[in-house]
Amino acid sequence: QVHLVASGGGLVQAGGSLRLSCTGSGSRLSEWSMGWFRQAPGKDHEFVSGIGWSPGSGRYADSVKGRLTISRDDAKNMVYLQMDKLRPEDTAVYYCSRLQTAYSQTPLDAWGQGTLVTVSS
C-alpha cells in the first residue's frame, strides 16, 4: 500500500513563496509519473502539476503556469513543488499522487496526508 505525505505548507503573504515536498512509502516514486493536486475550501480537488522523467516534462494547470515549478529527486524519493508569486486563490490543502502518465491529470492514489497552504492578501 502506497502512503504519500506532503509537507512544507504554511501561511504566507501574497507574492511570497513556499516549497512543498512529497515523499512516500510502499512504492519507489522514481518508478512513477507524479502529480500535485489541491483542494480549496468548499471546492473539489483539482490538478495542479505533473511530471514524468524527461527534462521539461512538467505540466501545469493554467491557473499556476509561470508561478509554480514541479521537480523530482529520484535518489531521495522526493517530489517538490516550488510555489512563487503566491495568490490568495492558491489557498488550499495540497496533495501529491502517482500518475499513470506524465500527461494524466487523474490521481492513482487515495488522498494521503496533505499540507495546508494559506496565502493572505
Side-chain angles (χ1 to χ4, degrees):
Q1 183 176 0
V2 177
H3 180 62
L4 298 171
V5 176
S7 61
L11 174 63
V12 63
Q13 289 187 329
S17 297
L18 285 172
R19 187 194 193 205
L20 306 186
S21 300
C22 169
T23 190
S25 60
S27 178
R28 291 289 302 174
L29 302 188
S30 60
E31 298 174 356
W32 295 90
S33 295
M34 295 295 299
W36 285 94
F37 298 80
R38 68 186 180 187
Q39 185 178 30
K43 296 186 177 181
D44 293 332
H45 291 85
E46 65 172 347
F47 170 80
V48 174
S49 182
I51 188 169
W53 297 275
S54 302
S57 67
R59 300 181 67 81
Y60 302 91
D62 289 343
S63 59
V64 305
K65 281 180 181 176
R67 301 187 299 114
L68 274 57
T69 305
I70 191 170
S71 62
R72 64 191 304 161
D73 186 336
D74 290 338
K76 295 182 178 179
N77 204 40
M78 299 287 290
V79 179
Y80 304 101
L81 188 67
Q82 178 65 41
M83 310 175 72
D84 299 314
K85 301 178 183 178
L86 283 163
R87 304 169 179 170
E89 54 264 39
D90 294 318
T91 295
V93 178
Y94 285 73
Y95 302 87
C96 56
S97 174
R98 295 175 298 166
L99 301 176
Q100 190 66 51
T101 72
Y103 295 90
S104 175
Q105 297 187 8
T106 303
L108 284 179
D109 300 298
W111 302 118
Q113 179 178 318
T115 187
L116 175 62
V117 172
T118 303
V119 184
S120 63
S121 58

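All heavy atoms count here, side chains included; hydrogens, waters and symmetry mates do not. Position 1 is the first residue of the sequence, and the numbers go up from there.
A distance-only check finds a donor-acceptor pair linking the side chain of Thr101 to the backbone of Ser104 [under 3.5 Å]. Under the 3.5 Å distance criterion, the side-chain polar atoms of Gln39 are matched with a main-chain donor or acceptor of Lys43. Judged by distance alone, the side chain of Ser33 and the main-chain N or O of Gly52 form no donor-acceptor pair under 3.5 Å. Within the 3.5 Å criterion, the main-chain N or O of Gly8 finds no donor-acceptor partner in the side chain of Tyr94.
Arg67 pairs by the salt bridge (charged side-chain N to carboxylate O under 4.0 Å, His left out) definition with Asp90, not counting sequence neighbours. Applying the side-chain contact (heavy atoms from CB on, under 4.5 Å) criterion to Leu68, with sequence neighbours excluded, gives Val48, Val64, Leu81, Met83. Take Lys85 and apply the salt bridge (charged side-chain N to carboxylate O under 4.0 Å, His left out) test, not counting sequence neighbours, and it matches no residue. Take Asp73 and apply the salt bridge (charged side-chain N to carboxylate O under 4.0 Å, His left out) test, not counting sequence neighbours, and it matches no residue.
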Under 3.5 Å, which donor-acceptor pairs do the side chains of residues 10-25 form with other protein atoms, sequence neighbours left out?
{"from": "Ser17", "atom 1": "OG", "to": "Asp84", "atom 2": "OD1", "distance (Å)": "2.7"}
{"from": "Thr23", "atom 1": "OG1", "to": "Asn77", "atom 2": "O", "distance (Å)": "3.3"}

Review item, side-chain donor-acceptor pairs of residues 110-121, under 3.5 Å, at least two apart:
{"from": "Trp111", "atom 1": "NE1", "to": "His45", "atom 2": "ND1", "distance (Å)": "3.4"}
{"from": "Trp111", "atom 1": "NE1", "to": "His45", "atom 2": "NE2", "distance (Å)": "3.3"}
{"from": "Thr115", "atom 1": "OG1", "to": "Gly9", "atom 2": "N", "distance (Å)": "2.8"}

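Between atom CH2 of residue Trp36 and atom SG of residue Cys96 there is a gap of 5.0 Å, rounded to the nearest 0.5 Å. With values rounded to the nearest 0.5 angstrom, Phe47 atom CZ is found 10.5 Å from Ser97 atom OG. Taken to the nearest 0.5 Å, the CZ atom of Arg98 stands 9.5 Å off from the CD atom of Glu31. In this structure, CG in Leu29 is found 7.5 Å from CZ in Arg72, a value given to the nearest 0.5 Å.
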Margin query: Would Leu99 and Met34 count as a side-chain contact (heavy atoms from CB on, under 4.5 Å) here? Give the steps.
Written below: CA-CA 5 Å; Leu99 301 176; Met34 295 295 299; 5.7 Å; no
Next item on the list: Please lay out, stage by stage, how Tyr80 and Met78 fare under the test side-chain contact (heavy atoms from CB on, under 4.5 Å).
Entry: CA-CA 7 Å; Tyr80 304 101; Met78 299 287 290; 3.4 Å; yes
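Under a hydrophobic clustering in which Ile, Leu, Val, Met, Phe, Trp and Tyr are joined whenever their side-chain heavy atoms come within less than 4.5 Å, directly or via other members, Val2 and Val79 fall into the same cluster.
Within 6.0 Å of the CD atom in Glu89, the count of heavy atoms belonging to other residues, nucleotides or ligands exceeds 12.
For the pair Leu4 and Asp109, the minimum side-chain heavy-atom distance is below 4.5 Å.
For Arg38 against Ser63, the heavy-atom pair with the smallest separation is NH2-OG, 3.5 Å. Minimum interatomic distance between Ser30 and Trp53 (heavy atoms only, all atoms of both residues): O-NE1, 2.7 Å. Closest non-hydrogen pair, Phe37 versus Thr106, comes out as CZ-C, 4.1 Å.
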